[in-house]
Structure formats: C-alpha cells, structure tokens
Amino acid sequence: MKWPSLGERWETCESFLKKSGANEQNIASFDAFVSREFQQEIYKSFKINAETGVDNCSRLSVHCKNVSIRKCILLNNDIDVHIPSQVKVSDNLARLLKCSLVAPVYLTLCLKFNESIEEIRDILLCYLPIMVGSCLTLPRKKSNLCDEGFFILNGSEKTIVVQQRKVNRMIKINNQRAEYVCKKNKCRWWLEKSEQGKLYLNSKHGKCLAVVLLSEYCIGENQILNSDLQLEKNEVDNQSQVERLLEIRKVFPMVNTSSDIPHILFPNFVSTLSLSQYTHMCNMLMNDETNHWDRDHLHYKRVEMPSELLLMVLKKSLKRVLNSFKKRMLNFIERYPNKPLLTGVHRALDNRVITEAFFYSLQTGNFPNPNGQQGIRTGVSQQRSNYNLSSILSQSRRLVSGDSKRSIIGQREVRSDTFGYLCAFDTQEGKACGCSKHMSTLTTVSIEFEDSIIRQILEEKNFLGDIDLSLDKNLIFINGFMYGQSDKIDEIGELLRQYRRISIIDKGVSVHKKKGHLYIRSDCGRILRPLFHLKNLYEFLVRTDENDNDFFSLLQNGVIEYIDSSEENEMLVSTNFDTLTRETTHVELHPSLMLSMNALANNPYCEHNQGPRYVLLKKLYYVTKLTIPTSID
C-alpha cells in the first residue's frame, strides 16, 4: 500500500486552513447561536401568565413565535444608518463609518386577555452584534488566515477570548464524595462517605442517610452491591413512611410528597431512571470506585465558546425585559381597559435592554458568571490586537485556562492528555505562564448536539433494555446520565461512530468504553482534533485512483474524523505510516499539528527563536525530526 507522503498530508492540512482559517471554531459556535440557540432561548423564556383586576379575575397570557434574525445593517448611536441598496453592508464599511455591524431581531407576540386573542407581528426585540465571517455576513472574501471571528462596535474591532471551565452533566467522585454536576439542578446535593463507612445524602440545608431514599422507593437488595449498604437499608425499612419523609425534608425542605424527590435529584428525567442513577452513585462510592476527579485533566474541562457566553448575556437581559414588559402591560390594562393591546405592547417592550447588554459585555469584556453565580468576569472580550499577523493569530487561538493570580501548579503544567489539543510551547512568560494557552493547529471545539436524537437511534434499533444494576456492566450513559443497559455496547459504539463518519450525527459526538460501560458525550466545549481513520483510509485508497487531498472531502468520506481526549484513550494513534502495528486504529494527519499556529508558522527552527518559550522547540526538532513548513498562509 502506498500511503500518503508527508507532503501530501500537509496539503490536506493546508486545504483546511485556506478554506476555514484560524477562527473556524468561533464562527461555528456563533453560527449555532444565531441559527438555533438564540431562538430556542427566547421561545423557552418569553412566556408570561399574570392576573389583574380588582379581584384578580382577569388573566393575561403572552407567548412568542416566529423569531427571525434579519439581514445585517449598520447602527450608529441607536440610529439605523441608511445605505444605498446597491451597496452591500460589510465590515469595511462599518469601520469607515465608525458604526456597529448588527442584525435586527423581530418576533411575533400572541396575547390572550380573558376571551380576546391578539397576534402582533414584526415587533423589534433587539439588535444583535454579528461576528464577521459568520453565516449572516456571507459571501465575503478573506484577506488572510485570521481575517474573521470578531465583532465591530462603533468602528472598533472586539474579539472574544474563549474561557475554560469545569465539566457539567457528569458524575464527579473525589475524596469520599460523589456528586452529579449539572447546572439545571434545583438544589445542589451530593453523597458523602463518613469515616465510619456510612453514606449520607447532603445539601446546604442538612443531611440524612442515603439509604432513606432507597428504602422509600423499595429498591431491591439485588440492586445494592454493598453489604453494609444493604444492612443500613434493612434498618431503615422498619421506619414508617412519615419518618422517612421527615428525614428527607432535612435535605430537601421543599419536598411535599415522595413523588417530588426524583425531579429534585435529576430535573427533566424519568423517575425510574433518576432512581437507577442515584443507586448507581451509591454503589460507586461504597465500593471505593477509582474514578477520581482530576480537575486539570482535559476530560473534565470544557471551553466556553461565543455561543455559551452570549447566551448568558441573553438570559440575564431577557429576565429584565420580561419583568418590565409584564409590569407595563398590567399597568396599561388597568389604566386603559377598553383600548386594544397593540398600543400597550409597543410601549411596554423596550428593545434597548438586550441590545445594550450585548454592547456592554462586548465593549467592556464583563460577562456574567456561569451557573447563575453573582458577580462578573472581566477580560472575556478584548480589543483586537492588530499589531501584526502573529498577534492576531495568537489572540484568535488563545485559551484562558485559569486564574493567573493563584499559584496553582496543576493548571500550569504540560500534561500528556493535552498532546495534540493544546500547544505545549506557546504560552506567555511571567505570572500568566501556563494559564494562557493556545489551541493546536486544526483543533476545534464541539457544538451542542441534541442527545434526544441519539436516544431515538438507540430506541429504534431496540438496543436499550431495562437496567439491572446487579450485573454492574454494560450500562449506557449519555452526557453523564444513565439511559439503559445492553449487552451489545461494542456494536452500539461502532454504529454511532459510523453514523458520525457519514454525518448522520454531529462530528463532535464522542463514544468511548470505560470499565465495561459505554459513555456517549454530545455536549459543547470539548476540544477535538482530526485524525486519519486507518481502516477507512485503506479502503479509500484502494477504491480511488486519484489523489484527493482535500480535508473536507476526506472528512465527508469518513477518512478523517474528529476525536476528543476521552475517546482517544481507547485508541492507538500512530505518528507516521512507517510505524503501523496490528492494533493501530488512527494516524496523525501531520506530526507538526501538535504545535500552535504561531509556533508552527513563525518559529520553524530554533535559530529563528523570538522568545525564550520556544527554546524547547529545538529539542523537539532534533528528537522527532519534524519537517515544519515555514508558512501556513
């Protein structure tokens, strides 16, 4: 077999860079925001149900539909700048006129007051700042590799520096403590094992024995895999239901009946699955499960992309709009009960609130904290550094992974799990060393994919069966939550990977097996890198005579696939084709892709070193004998 040469493999990488550039991950995230996530959040949140009148006998209900983002316009001091129809709105025009590149957002409101129903169309909700290079600004010609991925506000360019955070929707086990990390939980709770070996259910309100819930729902002894836990449950079984409910209320005071408990433990999930998940967590902690939490491992890290950051701003500002709209509408109805609601709606809905929230966050860099925490984060949005191509390239691929003021050594170390995902050499000097990293060349970040589609695939194939925890194997987890059990997890894993390679499911879906269980991840923020799938590459080369080195063509044919750090743990990746073994599953696209774009393009050899951080590149060059191109533009 004549495998692709090193030069042909670099042509594949070059085809990606010429078409997508350095900001592909930011643009893909923003496209998902404007095409799906923005509308979903408004549909979900823009709902009002209120009572008015002397005896609250009149009822007002409001919901929205038909949220649409129109074509880009130029905005200057809240005034729409008139542009002739033959002139296209562009980023260059916005710079010249010192305007903001935005798109108006319109929606339709459906109001029901008593028996009358009115539908008011094309109401302006806000002006949304648009990222240059996104789907709303196409077609557009790029001038260089990183001429995309920024906003234009009042003529100045602003870019978002992506932030790293801890993972959500995952079972976290560390220091005799187990917790299901999920931002949708109504009340934070966790399981904790005492020094005496007893297991407690804890919250900020109090604690009780964890077996009280198992006894309340009559979990069978065959589902409890620890003998000490079974003895504790037998003792609690002698208590009455009233006594057990009183114990549970120490942890969850809002519980009225036992049917409320599964929805507090795991919101938006079926009760039977919630109880199975809770029992599984008890078994893992009592059996001294070695799935320990490593806060610095890439598997437990996620990247906050522009879609997630802008969604936080939208949620916070939308609450203010709804509260103001509700008060103004009720006041209008009380003062003018006989007037049509159309007059009051245009007065009540203020389109400046959400617009100013977006402008404030992007101009100052102050973004809300995640998970509804108080306070703000600074430095998320920055002025685009247009000193030279290297500074722009560095800013577009930068990743803030920790607080530089804290002396935590773990976040500054070069770890083996970041190989190929984060550059080991390109980082700042001084106190920010190791806290400000750069993504490797061609790495991207996953976009949120609906896990309901994956569940539908498994249900149609009849793969999901009833959960039997006594077997303690073949459990299927989707985004950290247990959905079923099957004795065909190898077949399921291979099926989902094939679906990913032919684009039935998203390219960022991760499927990996660990300790006899199958874990499927479709959440956003996971760092991905492309690899050759050796079997598909062999079949492609046998079937095709012509040399097709286009990256996106190979990706569409399943020859290249994106892998995250957790899935790579069960694969054998070879650096070159001359080191293949029987167990090899994947091959690197090019050995130099472990470096960032700046290290790869501007520091080809140690003789051209521009900073002490690149001294290690000399050792790398002589050890691996990399053929590093001198330019990627």
Side-chain angles (χ1 to χ4, degrees), residues 13 16-17 22-26 28-29 146 149 160-167 294-306 308 380 390 393-404 408-446 508 510 521 523-531 562-569 571 573 575 586 588-603 611-617 619-620 624 626 628 632:
C13 304
F16 175 88
L17 294 172
N23 296 94
E24 183 268 341
Q25 73 284 354
N26 289 338
S29 177
C146 47
I160 291 180
V161 179
V162 296
Q163 311 286 309
Q164 214 173 43
R165 61 167 173 83
K166 295 179 181 179
V167 65
D294 184 359
R295 64 183 300 275
D296 298 305
H297 196 285
L298 200 62
H299 175 63
Y300 302 110
K301 291 284 190 179
R302 295 293 182 267
V303 178
E304 287 181 326
M305 299 302 291
E308 192 172 355
V380 178
S390 298
L393 197 59
S394 172
Q395 195 176 35
S396 62
R397 303 288 293 179
R398 191 175 303 159
L399 175 70
V400 178
S401 60
D403 187 3
S404 59
I408 301 176
I409 302 301
Q411 69 183 10
R412 303 175 186 270
E413 291 178 340
V414 177
R415 300 174 59 94
S416 59
D417 54 87
T418 62
F419 176 85
Y421 300 95
L422 300 176
C423 183
F425 312 103
D426 193 359
T427 185
Q428 297 179 9
E429 286 293 314
K431 65 177 184 179
C433 179
C435 295
S436 177
K437 301 182 178 69
H438 289 77
M439 287 187 281
S440 299
T441 312
L442 298 196
T443 57
T444 186
V445 181
S446 64
S510 170
R521 305 290 306 185
D523 55 340
C524 61
R526 288 173 290 109
I527 303 179
L528 312 170
R529 71 185 185 113
L531 296 172
Y562 280 97
I563 303 296
D564 67 354
S565 61
S566 57
E567 189 173 0
E568 192 177 355
N569 288 336
M571 296 174 177
V573 182
T575 308
H586 291 74
E588 298 275 358
L589 262 68
H590 196 278
S592 63
L593 295 185
M594 63 173 288
L595 303 173
S596 67
M597 290 187 180
N598 257 337
L600 184 61
N602 301 330
N603 294 272
R613 185 54 51 189
Y614 292 106
V615 173
L616 293 176
L617 198 60
K619 299 179 181 178
L620 172 72
T624 60
L626 298 183
I628 304 176
I632 58 174

- Has the side chain of T443 got a donor or acceptor atom that lies under 3.5 Å from a matching backbone atom of L528? no
- Query: Judged by atom type as modelled, is there a donor-acceptor pair below 3.5 Å linking the side chain of R397 to the main-chain atoms of N23?
  - Reply: no
- Item | Side-chain donor/acceptor of S401 to backbone N/O of C435, under 3.5 Å | yes
- Query: Do R165 and E308 have side chains that get closer than 4.5 Å, going by heavy atoms?
  - Reply: yes
- Message: The criterion is side chain to side chain donor-acceptor pair (under 3.5 Å); which residues satisfy it with R526, sequence neighbours excluded?
- Response: D523, D564
- So, does R412 use its side chain to make a donor-acceptor pair with the main chain of C433 at under 3.5 Å? yes
- Query: With E567, which residues qualify under side chain to side chain donor-acceptor pair (under 3.5 Å), at least two apart?
  - Reply: R497, R500
- Message: Any salt bridge linking R529 with E568? Criterion: basic side-chain nitrogen under 4.0 Å from a carboxylate oxygen.
- Response: yes
- Query: Would you call L595 and D426 a side-chain contact if the rule is heavy atoms closer than 4.5 Å?
  - Reply: no
- Task: Please list, chain by chain and in numerical order, all residues satisfying side chain to side chain donor-acceptor pair (under 3.5 Å) with H586, sequence neighbours excluded.
- Result: E561
- Tell me, with the steps shown, if M594 and F419 meet side-chain contact (heavy atoms from CB on, under 4.5 Å). CA-CA 6 Å; M594 63 173 288; F419 176 85; 3.7 Å; yes
- Message: Can you tell me which residue among K301, E304, Q164 is in a side chain to side chain contact (heavy atoms under 4.5 Å, CB included) with L399?
- Response: Q164
- Message: Can you tell me how far apart OG (S510) and CZ (R521) are? Round to the nearest 0.5 Å.
- Response: 8.5 Å
- Would you indicate whether the side-chain heavy atoms of M571 and I563 approach each other to under 4.5 Å? yes
- Item | Any residue meeting side-chain contact (heavy atoms from CB on, under 4.5 Å) with V380, in chain and number order, not counting sequence neighbours | I160, Q163, L309, F367, R377
- Query: Are the side chains of C13 and L593 in touch, meaning some heavy atoms are under 4.5 Å apart?
  - Reply: yes
- Item | Reported SG-to-CE distance for the pair C146 and M597, which is rounded to 0.5 angstrom | 9.0 Å
- Task: Please check if any side-chain donor atom of H438 sits under 3.5 Å from a side-chain acceptor atom of T427, or the reverse.
- Result: no
- Task: Quick one: pull up NE2 in H297 and CZ in R415 and give me the separation to the nearest 0.5 Å.
- Result: 6.0 Å
- Run the numbers on H299 and N569 for side-chain contact (heavy atoms from CB on, under 4.5 Å), then give the verdict. CA-CA 10 Å; H299 175 63; N569 288 336; 5.8 Å; no
- Query: Just how far is it from atom CG of L298 to atom CG of L422, taken to the nearest 0.5 Å?
  - Reply: 6.0 Å
- Do S446 side-chain atoms and G508 backbone N/O form a donor-acceptor pair below 3.5 Å? no
- Roughly how far, to the nearest 0.5 Å, is OG of S390 from CD of Q395? 13.0 Å
- Item | Closest approach of T441 to S596 (non-hydrogen atoms, all atoms of both residues) | OG1-C, 3.4 Å
- Query: Sequence neighbours excluded, which residues qualify as side chain to side chain donor-acceptor pair (under 3.5 Å) partners of E24?
  - Reply: T444
- Donor-acceptor pair, S29 side chain versus N26 backbone, under 3.5 Å? no
- Item | Of all pairs that satisfy salt bridge (charged side-chain N to carboxylate O under 4.0 Å, His left out), the ones with a partner from residues 433-445, not counting sequence neighbours | none
- Item | Separation of S592 OG from L442 CG (nearest 0.5 Å) | 8.5 Å
- Query: Are the side chain of R398 and the backbone of V162 linked by a donor-acceptor contact shorter than 3.5 Å?
  - Reply: no
- For D296, all residues meeting salt bridge (Lys or Arg N to Asp or Glu O under 4.0 Å), sequence neighbours excluded: none
